[in-house]
**Student:** 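Pasting in a structure now, in structure tokens, and then I'll have a few things to ask.
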2 protein chains.
Amino acid sequence: MGERILVVDDEPQMGRLLKTGLSARGYEVAVAVDGEEALDQAVRWKPDVIVLDLGLPLIDGLEVCRRIRGWSQVPIIVLSARDGEQDKVEALDLGADDYLIKPFGMDELLARIRVALRHSTRASVTEEPVLTFGELRIDRPRRIVTLKGQDIHLTPTEYELLRLLSSHAGKVLTHRTILRAIWGTSYEQDLPTLRVFITQLRRKIEPDPAQPTFILTEPGIGYRFQM
Amino acid sequence: MGERILVVDDEPQMGRLLKTGLSARGYEVAVAVDGEEALDQAVRWKPDVIVLDLGLPLIDGLEVCRRIRGWSQVPIIVLSARDGEQDKVEALDLGADDYLIKPFGMDELLARIRVALRHSTRASVTEEPVLTFGELRIDRPRRIVTLKGQDIHLTPTEYELLRLLSSHAGKVLTHRTILRAIWGTSYEQDLPTLRVFITQLRRKIEPDPAQPTFILTEPGIGYRFQM
DNA sequence: TGTTCTCATGAACAATTAATGAACATGTGC
DNA sequence: GCACATGTTCATTAATTGTTCATGAGAACA
């Protein structure tokens with residue numbers, strides 16, 4: 001089935017022209033003639049691309065762009081008669097993905113629509129690097145650690161320490177390496193501090209802190225995170 | 001620190017110009033003068049965006065574009081002196097993400113680079129237009145917030161802040177991320193301002209602002225909207 | 001042009017949270 | 001049992017965060 005394209009233009013002639021041209025290429029096309037209708041259609045019809053003329057009555061085209069960006073990442077291709085550099089910069093920074101100056105060629109618009117569609121299919125494949133060790137989950141993009149599904153609150157230092165150890169799971173990290181990585185070179189002798197934080201971390205993430213299963217001690221050397 | 005931009009241009013003058021302009025904005029810039037070098041740098045240096053001039057010796061610019069697309073999705077912005085529609089269509093269909101005609105304005109190029117970077121860092125956002133969290137309702141297309149059915153008046157900044165946090169519900173957003181998203185890069189150090197707005201928002205949407213249930217503090221990191 | 005209003009900003013201070021360092025406890029190998 | 005390394009607890013200090021309020025910029029209005 002063809003992808004959905006919402007055309008927003010107040011001039012009926014232009015709307016018809018675009019609708020015809022795009023439909024002929026197999027896209028499903030809807031036309032909105034003002035900002036209110038555009039927002040409404042964007043919510044209800046969920047287009048895959050929006051082609052937005054800036055010269056709108058009622059709500060300004062840029063405002064439409066900003067509002068849609070408040071809740072949706074749908075690609076927006078702006079059409080405008082104004083070719084000033086600042087106009088382009090403003091629209092692009094407000095969330096538009098592309099800016100075409102009228103008059104434009106239909107083939108170019110079609111090519112730019114293909115680029116936009118290519119982007120959205122790509123984005124949906126995004127995966128997140130979440131580390132899982134049994135019941136322990138370290139969601140680095142969200143900076144959230146859970147144990148058995150329960151959120152665990154870690155202080156910044158505790159989190160950094162866990163992140164360092166878990167991202168080198170299986171390897172022994174020496175005291176010195178850890179101290180330098182987290183507190184900097186000037187602290188690299190401060191073993192007592194490291195011990196305090198290891199204790200606190202274990203208390204928070206180990207089922208039985210006295211019998212650690214995640215953070216293992218390598219006597220005389222450092223610590224190792226169990227894979 | 002700054003994102004990496006690979007500039008591919010055989011004219012030394014143009015290369016220098018771009019390097020200067022982009023470096024001034026805080027980007028890390030490398031320049032390649034032919035196709036071979038461009039491919040090499042793309043593999044080894046892993047740039048975040050490639051700015052590619054089409055008029056290259058040895059390997060044609062379009063060929064560089066095609067080859068990079070064989071293994072990478074890095075955004076490619078093409079620069080060209082040719083403004084024929086078919087030239088644009090060809091480049092865009094070969095994998096280019098944007099096409100600028102020389103001469104172009106530096107501000108426009110910078111804006112289009114920001115668009116490209118936005119695409120690659122695009123975080124997953126709830127695409128549900130209206131968000132509901134218990135008694136709290138956030139109608140993003142209409143920009144209306146209600147608590148227990150009652151309209152809540154939010155200033156523009158307060159609304160943007162609430163929208164940003166709630167659109168990433170469950171995820172921790174760092175102070176820096178929030179400040180950049182709402183006030184722009186130049187404010188990214190201005191924590192006091194952010195605190196004031198967090199306080200005001202809590203006063204308006206939290207049943208008990210001293211015991212927040214929606215906007216949670218992640219000390220040392222940022223804030224998180226409770227899912 | 002002045003008046004009123006809203007909102008953003010920055011300073012001052014209070015409240016909260018985290019880091020630090022010392023003291024003491026535990027365990028392990030000899 | 002004796003060193004030595006490691007673990008734990010806790011009070012103190014430092015840093016971060018929350019709150020209030022005065023100021024001033026800018027918009028809306030007559």
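Convention: sequence-line order gives letters A, B, ...; per-chain numbering from 1. Here the structure is a predicted model, which is why all the values come from computation and not from measurement.
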**Student:** Categorize A:Tyr187 for me: base, sugar-phosphate, or nothing, with a 4.0 angstrom heavy-atom threshold over every strand shown.
**Tutor:**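 A:Tyr187: backbone/sugar contact only, no base atoms under 4.0 Å.
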**Student:** Could you tell me how far apart B:Ile182 (CD1) and C:dA8 (C1') are, to the nearest whole angstrom?
**Tutor:** 13 Å
**Student:** Counting heavy atoms not belonging to B:Arg25, are there more than 12 under 6.0 Å from its CZ?
**Tutor:**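 Not more than 12 within 6.0 Å, no.
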**Student:** Quick one: on DNA chain C, does B:Pro192 or B:Leu154 contact a more 5' nucleotide (nearest heavy atom)?
**Tutor:** B:Leu154
**Student:** Of all the choices, C:dG10, D:dT17, C:dT20, which nucleotide is nearest to the side chain of B:Val196 once you look at every atom?
**Tutor:**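 In terms of side-chain proximity for B:Val196, the closest of C:dG10, D:dT17, C:dT20 is C:dG10.
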**Student:** Looking only at side-chain atoms of B:Thr193, point me to the closest of C:dG21, D:dG7, C:dT9.
**Tutor:** C:dT9
**Student:** Do the side chain of B:Glu3 and the main chain of B:Val49 share a donor and acceptor less than 3.5 angstrom apart?
**Tutor:**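 Answer holds: no.
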**Student:** Could you give me the CA-CA distance, side-chain angles and deciding distance for A:Leu79 and A:Leu18, then say whether side-chain contact (heavy atoms from CB on, under 4.5 Å) is met?
**Tutor:** CA-CA 12 Å; A:Leu79 306 179; A:Leu18 286 171; 4.1 Å; yes
**Student:** Can you tell me how far C1' of C:dA8 sits from CD of B:Gln200, to the nearest Å?
**Tutor:**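 From B:Gln200 CD to C:dA8 C1': 9 Å.
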**Student:** Would you indicate which nucleotide in C:dT9, D:dT8, D:dG18 comes nearest to any side-chain atom of B:Phe197?
**Tutor:** C:dT9
**Student:** Across the strands shown, which category fits A:Thr155 at heavy-atom distances under 4.0 angstrom: base, sugar-phosphate, nothing?
**Tutor:** sugar-phosphate
**Student:** Under 3.5 Å, side chain of A:Arg69 to main-chain N/O of A:Ser72, donor-acceptor pair present?
**Tutor:**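 Yes, the answer is positive, given that a donor and an acceptor are paired below the 3.5 Å cut-off.
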**Student:** How close do A:Trp71 and B:Arg140 get, heavy atom to heavy atom, and via which atoms?
**Tutor:** CB-NE, 3.1 Å
**Student:** Counting side-chain heavy atoms from C-beta on, which of D:dT6, D:dG7, C:dG21 comes nearest to A:Asp190?
**Tutor:** C:dG21
**Student:** Just the rounded figure in Å: distance from C1' of C:dT26 to CZ of A:Arg202.
**Tutor:** 13 Å
**Student:** Given D:dG18, C:dG10, D:dG7, which nucleotide is nearest the side-chain atoms of B:Tyr223?
**Tutor:**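 Among the listed nucleotides, the one closest to the side chain of B:Tyr223 is D:dG18.
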**Student:** Which one, D:dG7, C:dA22, C:dT9, comes nearest to the side chain of A:Thr217?
**Tutor:**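 Nearest to the side chain of A:Thr217 among the choices is D:dG7.
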**Student:** Side chain of A:Arg203 only, please: which of C:dT17, D:dT6, D:dT9 is the nearest?
**Tutor:** D:dT9
**Student:** Is any side-chain N or O of A:His153 closer than 4.0 Å to OP1 or OP2 of C:dA18?
**Tutor:** yes
**Student:** When you measure from the side chain of B:Trp183, which nucleotide among C:dA18, C:dT9, C:dT20 comes out closest?
**Tutor:**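 Side chain of B:Trp183 sits closest to C:dT9.
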